[in-house]
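Note sheet for the following structure.
Numbers here simply count residues along the sequence, with the first being 1.
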Amino acid sequence: YTVPTGLTATYGQTLANVVLPEGFAWVDSSLSVGNVGANTFTAIFTPTDTDNYNVVEVQIVVTVSKAQAGISQAPIANDLIYAESAQALVTAGTANGGTLLYALQENGAYSDAIPTGTNADNYTVWYYVEGDANHNDSAKASVNVTIAKATPTSYVISCSLYPFPSAPALGLSGLCP
């Protein structure tokens with residue numbers, strides 16, 4: 001017999017996903033293939049002539065490649081109105097197999113911090129999952145966000161009469177009788 005070589009799997013699979021040649025079987029096909037890299041597992045080789053040959057336990061190497069990182073919940077655009085200060089543009093998303101990163105430009109600097117905006121304007125928040133040791137990066141995606149213009153606040157100016165002849169000048173001439 002010849003021990004199989006060149007066997008591959010993807011992170012997250014089990015040995016049941018790794019097909020062995022005829023005569024070989026995994027001792028426990030429910031085992032995870034493990035982390036990315038070369039991992040060794042036990043299999044049994046059963047010869048066709050068991051009257052003359054023994055069943056043999058062998059060690060087989062499986063090369064595990066990275067799985068694709070994913071987004072389990074995409075960032076959601078926040079409903080925003082201009083408020084004179086920076087506001088988070090999105091509600092954070094969640095990643096599978098890495099860290100969700102954000103930027104305001106597709107080819108800009110990405111960070112795990114939620115981007116903010118201050119002025120009334122349209123923004124595009126770019127995001128992707130930076131894969132961990134067992135996952136490839138995800139594709140970039142984006143969500144459009146608008147900070148709407150605010151409605152000016154109206155102020156009520158009340159005037160009062162001062163009983164003193166030296167009332168302070170308030171600079172509101174013409175507004176109060």
[X] side chain vs [Y] backbone, donor-acceptor pair below 3.5 Å:
X: Asn78; Y: Val90; result: yes
X: Ser138; Y: Ala69; result: no
X: Asp132; Y: Asn134; result: yes
X: Asp137; Y: Gly131; result: yes
X: Asn39; Y: Val33; result: yes
X: Ser32; Y: Gly12; result: no
X: Gln87; Y: Ile81; result: yes

Short side-chain donor-acceptor distance under 3.5 Å, Thr124 and Ser142
no
Any idea which heavy atoms bring Ala133 and Val36 closest together, and the distance?
O-CG2, 3.7 Å
For Val143 versus Tyr127, what's the shortest heavy-atom pair and its separation?
N-CE2, 4.1 Å
Mutual orientation of the aromatic rings belonging to Phe24 and Tyr1 [parallel < 30°, tilted 30-60°, perpendicular > 60°]
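Taking Tyr1 first and then Phe24, their aromatic rings stand perpendicular (interplane angle over 60°).
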How about CD on Gln59, more than 12 heavy atoms from neighbouring residues, nucleotides or ligands closer than 6.0 Å, or not?
yes
